[in-house]
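Everything quoted here is computed from the prediction, not taken from an experiment. Note that ligands are numbered from 1 as they come in the structure, with each ligand's atoms numbered from 1 the same way. Below, all heavy atoms of this structure are taken into account, side chains as well, without hydrogens, waters or symmetry copies.
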Amino acid sequence: MKKAVSLLFVLAFVFSCVAGVAEVSTYTATYRGYTSDITVDVDFGFNAISDVRVVSEKETNGIGSYAIDALPKRILAEQTCYVDMVSGATATSAAIRAGVADCLRQAGADMSVFGRNSEDPAPIDAAYNCDVVVIGAGAAGLTAAYEALCGGASVIVVEKMDIPGGNTVRSSGAWNVAAHPDQLAIHATNDNLVPNRTTVEDFVEYTMTGGHDINDIELVTYMVENSAPITDWMRSLGFNCEFSGNASSTSVPGVARGLITGMKDRVVEKGGMILLSSKAESILTNDEGAACGIKGTTSTSGALMVNAKAVVVATGGFGRNLEMVYELKPEYEGFISNNQVGATGDGIIMAQAIGADVVDMEQIQAHPTVHQASANMLTEGCRGAGGILLNTSGKRFIDECTYRDIVANAILEQDQQYAYLLINQAIVDSNVNIAGYIDVGILKGPFETIEDVAEFMNADTASVRETFDAWNGYVANENDPEFNSSFTWIRDLSEGPWYCAQVAPGIHHTMGGLKINTSTEVIATTGEAIPGLFAAGEVTGGVHGGNRVGGNAILDCLVFGKTAGDSSAVYALNHAVE
Ligand code: ADP
């Protein structure tokens, strides 16, 4: 009897499996994402995926978070683990897909069905009308969109990637400021701070010198004069941008990814529409040659048409268009780029097609400290907070805090054309962005001893120790007799543990681009402004000249983005006749 019952159970189980009707069970798998391990739970049974949950992760808010939100929904809807990844968050997407595939295999799911590639959706065309269309959802585009909405215009933002943020979302989000009363108050009570660059004149001069004096001084002066007001404006929008008393106080500490997520939310709250995965391919003009919308492709590869009364180009630079970079600057042939994949210069090409002029196109910046294997940049803040650069002989070779191009060239002059960036725990603790580099594995450590640091660098311990001791002495004396460091001497490196990254220059910023005036009107090759066409941010040229100073990119985007929002709204509302 007992034997017959168990036979019945076995038969029932085999039948349910063959028919695909086994009960729903939960399966778990963990895969490495971008900054963390990602664990997914998948409910599978009755031959269907009934739920997908990301149960633990520490991915980047504003980047990986988009994949965490989107992928489970896509997998559930399409009933396959191999759904489209979220462009811009591919490492996170890949980990979720791998985790779900693993769970499905554990469940014995038929992978020819549940592991098939997702089908492309049928193309759907879309057409919209608005006052202002903004191309690009980075800092400049979202700022312009918000300000245009405040000016009473209806606004549509088109962004070709699946996530907003462009290169901005990868930055620390800090910006330089001059002559802000809070900044001056900090300087008045703290002798330790370098007293330069707090006046408009000093900051203009610093930016011009940094840019090899080829910058458009009118644009620079406008940007610098607006640096304090834009800081107050950002505060009025609820962004937390206070000066910190222990830095040099020439910049507002980064609002980081909060800048993009915060500005995007404000655009939507104000009634703006953001079309993601939607690419602009050309700028429309009317019979008078005025810009009046864009044509492109929708998220389903259908035809996209946005009719507008004004167009703001905020597509960022072309640092990821290596063909264009190498052609304009052949000495950078072979350099990697730390830019996001969308930084391909589309806005420049589209605007040139309707007559726009460009300036300084061959002025392309290599950031000195890019981790080559991952193409991730380690912020200036590492050196500004006290980090030093050593060559493979364990020696310093440059003032670490000088202009980017000088540091980058100095690294390329070293035997191996790379260097080691060295910091300690106190520096890691001083800046949340720096701590993130440890999570993604580009900053190695903690190293408890100088011997361990030297071993990582494959350098002679005695040389490294000598460099350390000399440097700590310079900090104590606030004077670097070797390279005349412009460091603010806020901390030395005597206390470990230490962290280290191998770095070399990588394409970072394209200073050249569309020619604009201080109203952000795009200037044609004829010298006249193109009616209805405005531009802001990295897509423009002239602000940074031959070399962009750290902390000026976000300032550029905020100041000129806001102006582009104002100018485009005023233009659109004054051209209300169709
Ligand atoms: P900025 O710092 O000047 O704001 P970002 O690089 O942060 O520049 O942002 C520019 C944005 O423009 C990116 O998100 C990029 O994907 C987007 N973009 C670039 N080309 C196009 C295009 N043809 N259509 C829509 N969006 C685009």
Is there a side-chain contact (heavy atoms from CB on, under 4.5 Å) between Phe239 and Arg266 once you walk through the steps? CA-CA 11 Å; Phe239 288 94; Arg266 282 162 182 81; 3.6 Å; yes
With salt bridge (Lys or Arg N to Asp or Glu O under 4.0 Å) as the test, would you mind laying out the steps for Glu147 and Lys562 before giving the verdict? CA-CA 6 Å; Glu147 185 65 5; Lys562 182 168 184 287; 3.6 Å; yes
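A donor-acceptor contact closer than 3.5 angstrom is absent between the side chains of Asn547 and Gln363.
His212 NE2 to Asp360 CG: the interatomic distance, rounded to the nearest 0.5 Å, is 11.5 Å.
Under the salt bridge (Lys or Arg N to Asp or Glu O under 4.0 Å) criterion, Glu78 pairs with no residue at all, not counting sequence neighbours.
Asp346 is listed as a side-chain neighbour of Lys279, based on a closest heavy-atom distance under 4.5 Å.
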Per-pair distances, ligand 1 N/O vs protein N/O, less than 3.5 Å:
| unit_1 | atom_1 | unit_2 | atom_2 | d |
| --- | --- | --- | --- | --- |
| ligand 1 | 2 (O) | Thr168 | OG1 | 3.2 |
| ligand 1 | 3 (O) | Glu538 | N | 2.8 |
| ligand 1 | 4 (O) | Ala139 | N | 3.1 |
| ligand 1 | 4 (O) | Ala140 | N | 3.0 |
| ligand 1 | 6 (O) | Asn167 | N | 2.9 |
| ligand 1 | 7 (O) | Gly165 | O | 3.4 |
| ligand 1 | 7 (O) | Asn167 | N | 3.2 |
| ligand 1 | 7 (O) | Thr168 | N | 3.0 |
| ligand 1 | 7 (O) | Thr168 | OG1 | 2.5 |
| ligand 1 | 14 (O) | Glu159 | OE1 | 2.6 |
| ligand 1 | 14 (O) | Glu159 | OE2 | 3.1 |
| ligand 1 | 14 (O) | Gly166 | N | 3.2 |
| ligand 1 | 16 (O) | Glu159 | OE2 | 2.7 |
| ligand 1 | 16 (O) | Gln340 | NE2 | 3.2 |
| ligand 1 | 20 (N) | Asp346 | OD2 | 3.4 |
| ligand 1 | 23 (N) | Ala280 | O | 2.9 |
| ligand 1 | 23 (N) | Asp346 | OD2 | 2.9 |
| ligand 1 | 24 (N) | Ala280 | N | 3.0 |
| ligand 1 | 26 (N) | Lys160 | N | 3.1 |

